[in-house]
Amino acid sequence: MTLTRRLLLLALISVFPAIVIWTYTEVSLRRAREAEVSDLAIRQAQLVGAELERIFDGVHSLLLAVDETPSIRNFDTASCSPYLKAIQQKVPYVLSFVAMDISGHVRCRPTGTIDMHRYYSDRPYFHNALGTLDLVVGEYTPVFEEGGLGPHPVLPIALPIWNDRGDVVGVLAAALDLKWLSRKLKERTVPEDGSVTIADRNGIIMVQDPRPDGMIGKLLPPHYLAQAQLKSIGTADTVSVDGARRIVGYIPLSIPPKDVYVNVGLSTKTAFASINQAAQRGFLLIAAALILALSLSALLSRAFITRPFEIVTNGIHAWRRGDYQARISLPTKSGEFGVLARAFNDLMDDVVERQQALRVSEERARLALEAGHMGTWWYDPDNHVGGWSAQAAVMIGLPETQTTLDPDQWWSILHPEDKQRVSENWLAAVARRGDYEDEYRIRLPDGSLKWINSRGRVFLDIQRRPVYFVGIFQDITEQKRAEEQQRFFLDELNHRVKNTLTTVQSIASQTLRTTDSPAQFKEAFEGRLLALSKTHNLLTRKSWREAELQDVAEQELAPYRKAGDERAVLKGPEVKLPARYAINLGLVLHELVTNAAKYGALSSNTGRLEMTWNVTESDASHRQLHIHWIESGGPSVATPKRQGFGSRLIRRSIEGELGGTVALTFANDGVIYDFSVPLSHPAGAAA
């Protein structure tokens, strides 16, 4: 009798068809019930939303009526406060009314006490009401101080106040009692074993049932926040804040009632109670049939399957013990087991040849690992022992002969900041029953750090428990250093671009305010932008580290100097300027040269300009740069009646940006500038 016929015999006495029918019926019933419960959850959520809209409409109508009262419009405190108190007593679900003027002062409230020293214009509902000129549903407020209330959760609802001329003169707000709202919704809309959650536009919970005490005033859980940001009504099977599993129907913030998130949950335990009972009865019947089928199969399989299987496995065990001469011997008429035995016997004939090929392959793998700065590792969780190849041992600073290591010792060389993440990734790989990959730092015996990329795989037994780990190490220290350097360069470039754009924006704005025509603006702006560009070119040649003061000055005076011409003299020691100093002094020198060319020494053939500088040191850490700018022989000058943008730019660059001082003298035949700028110590500047 063949193995196929024996398996067919077992299949005939099994209860597989009954299991399929039961499973199909169960799945169909559950899907239908899920659709029904989901639709019911949406309807319940819409019912809560409709109830909220009805309440908001009622408050809106009440605020409109109050807004029409002359004492409210005129902020007549003596009349409006008793009026609001009388209104509040008739609508107990509104704990307080408050009328504030356009500055945020409370002018009317039921308590009658007015504090003109406090402003409440920072309230979000106050800004929104003035901005939209319509009814505004505010945000969760634990203490409504402007209404004279103590700690009590409320929802502000606000409306602008118009005077008789149609001007907005303030804001009228009502504090809706959230505890009353919770009771109201629970009585009218929440089903048995159900839940309801209502949050404001910021995701702060205003109404929660059950467990309201622990959740009111807190941020929605992440999965509820995601629902609040959606664009359409929907449902989700989730665990509510009280730990019960429910099917939740939700209304996002963008759907009426707008700016309010609503969800209503229906208990899956209650919804599926009848189906679960029927499923339990069916399961018991199928279990009884399955026990009977297994009993019959056990009696028949001993003779036809178990005995041949034992002969095959005994042969395999002999091979595993190293007896490669062992063979499987079955009776002639053994069916598929005979075919399997012959296949195993043929396989063993190839073992010796394949072992030789395996040794060659292992040698190739070893060479490849050495070339790629990699090594292998392994770990046996049952015996709590692990190890690695000689290449891996050398990589982590150990002798190549030390190929085994206690896991606790390995744990001790991990960087403290990486231990928790390494542990979590290791456990996650076991939970996923799949591959493992991680990057972490280890401490070498000499105290230095090394980055390791570790990849591996988890091997499981038939009970799906981890029995062996194997993987590779790779030294990625150089790669990490390169990545860190790249991030540094990107951050530095971003910082410099931002600073440059800020400087250009300031130059454009100030130049525009101090010029009288587009042509004048174009000439002044292009000149200052060109000065900035030239300084940037100098800094670019030095990788934005520093620039020579001599180079900055010469490039600004280049258009006005000729070979052998001593009208413009530059004299001073070598001074290396950091990037920020070079940019600001470049702009200052551009303004000085431009003024000299237009109105000063460089505007006439007899004029002379001299720029000298020196560096003084008061102690080992304080250095001061002094620049002396003298114009002579040019047109006579006089003290100007107003300060132009050029003068303001010079003072802002020297005094504001560089922390220096500016001294200006208007002599008869030219201006004299004296600048003093603090420089950092050379070692600090280089750093």
Side-chain angles (χ1 to χ4, degrees), residues 41 44-60 62-63 91-98 123-129 135-147 149-159 173-191 194-230 233 236 238 240-242 246 248-265:
Q44 289 295 128
Q46 291 173 332
L47 180 61
V48 172
E51 183 68 14
L52 284 174
E53 286 192 285
R54 186 187 66 79
I55 293 172
F56 292 161
D57 288 343
V59 176
H60 186 193
L62 182 59
L63 290 177
V91 282
Y93 56 87
V94 176
L95 297 181
S96 181
F97 291 91
V98 60
R123 298 298 194 256
Y125 68 81
F126 187 91
H127 291 288
N128 292 340
L135 182 74
V136 170
V137 177
E139 303 166 358
Y140 172 84
T141 303
V143 181
F144 194 65
E145 296 179 353
E146 52 269 49
L149 300 179
H152 194 99
V154 300
L155 177 64
I157 301 176
L159 191 70
L176 181 62
D177 184 358
L178 290 180
K179 292 183 178 180
W180 172 88
L181 182 63
S182 178
R183 293 192 302 270
K184 189 73 171 178
L185 294 178
K186 183 176 180 180
E187 294 171 358
R188 296 178 60 88
T189 60
V190 180
S195 67
V196 61
T197 301
I198 299 176
D200 63 13
R201 64 172 63 90
N202 296 322
I204 303 301
I205 297 176
M206 301 185 296
V207 173
Q208 171 62 47
D209 186 77
R211 291 184 59 187
D213 296 336
M215 298 302 296
I216 300 299
K218 295 184 178 179
L219 189 66
L220 285 168
H223 54 285
Y224 283 177
L225 277 176
Q227 295 171 4
Q229 302 303 321
L230 297 177
I233 296 174
T238 184
S240 299
V241 294
D242 62 341
R246 291 186 173 89
V248 173
Y250 57 84
I251 301 178
L253 292 168
S254 59
I255 298 176
K258 286 190 175 182
D259 297 332
V260 177
Y261 164 75
V262 176
N263 81 35
V264 176

Subject >> Criterion salt bridge (charged side-chain N to carboxylate O under 4.0 Å, His left out) against Asp209, the qualifying member of Lys179, Lys186, Lys184 >> reply: Lys186

**OP:** Check whether any side-chain heavy atom of Tyr250 sits under 4.5 Å from a side-chain heavy atom of Thr238, and report yes or no.
**Re:** no

Subject >> Inter-residue atom distance His152.NE2 - Thr141.OG1, 0.5 Å rounding >> reply: 12.0 Å

**OP:** Give the minimum heavy-atom separation between Pro151 and Val143, together with the two atoms involved.
**Re:** CA-CG2, 3.7 Å

Subject >> Note, His60 side chain near Leu159 side chain (heavy atom, < 4.5 Å) >> reply: yes

Original post:
What are the two closest heavy atoms between Ala45 and Gly249, and how far apart are they?
Top reply: CB-O, 3.4 Å

Original post:
So do Ile157 and Phe56 actually touch side chain to side chain, heavy atoms under 4.5 Å?
Top reply: yes

Subject >> Considering all heavy atoms, the nearest Leu230-Pro252 contact >> reply: O-CB, 3.1 Å

Original post:
Does Ile233 reach the side chain of Gln46, with side-chain heavy atoms less than 4.5 Å apart?
Top reply: yes

Original post:
Are Leu52 and Leu181 close enough, and set up right, to give a side-chain contact (heavy atoms from CB on, under 4.5 Å), and what steps lead you there?
Top reply: CA-CA 9 Å; Leu52 284 174; Leu181 182 63; 3.9 Å; yes

Original post:
Is there side-chain contact between Leu178 and Ile216, with at least one heavy-atom pair below 4.5 Å?
Top reply: no

Original post:
What distance separates Ile205 CD1 from Asp200 CG, expressed to the nearest 0.5 Å?
Top reply: 10.0 Å

Original post:
If we only count heavy atoms from C-beta on, is the Pro210 to Ser195 side-chain gap below 4.5 Å?
Top reply: yes

**OP:** Would you give the length of the straight line joining atom OG1 of Thr197 to atom CD of Gln227, rounded to the nearest 0.5 angstrom?
**Re:** 9.5 Å

Original post:
Rounded to the nearest 0.5 Å, how far apart are OH of Tyr93 and CD1 of Ile55?
Top reply: 8.0 Å

**OP:** For the pair Arg201 and Asn128, evaluate side-chain contact (heavy atoms from CB on, under 4.5 Å) and give the outcome as yes or no after the intermediate values.
**Re:** CA-CA 13 Å; Arg201 64 172 63 90; Asn128 292 340; 3.9 Å; yes

**OP:** Can you see which heavy atom on Ala41 is nearest to which on Val248, and at what distance?
**Re:** CB-C, 4.2 Å

Subject >> Under the side-chain contact (heavy atoms from CB on, under 4.5 Å) test, residues paired with Pro256 that sit two or more places apart >> reply: Glu53, Lys258

Original post:
Just wondering, do Glu51 and Leu185 contact through their side chains at under 4.5 Å, heavy atoms?
Top reply: yes

Subject >> Ile198 side, atom CD1; Leu220 side, atom CG - distance, nearest 0.5 Å >> reply: 11.0 Å

Original post:
Are Leu95 and Trp180 close enough that some pair of their side-chain heavy atoms sits under 4.5 Å apart?
Top reply: no

Original post:
Atom OH of Tyr261 and atom CE of Met206: how far apart are they, to the nearest 0.5 Å?
Top reply: 12.0 Å

Original post:
What residues form a side-chain hydrogen bond (donor to acceptor under 3.5 Å, both in side chains) with Glu146, not counting sequence neighbours?
Top reply: Arg123, Tyr125

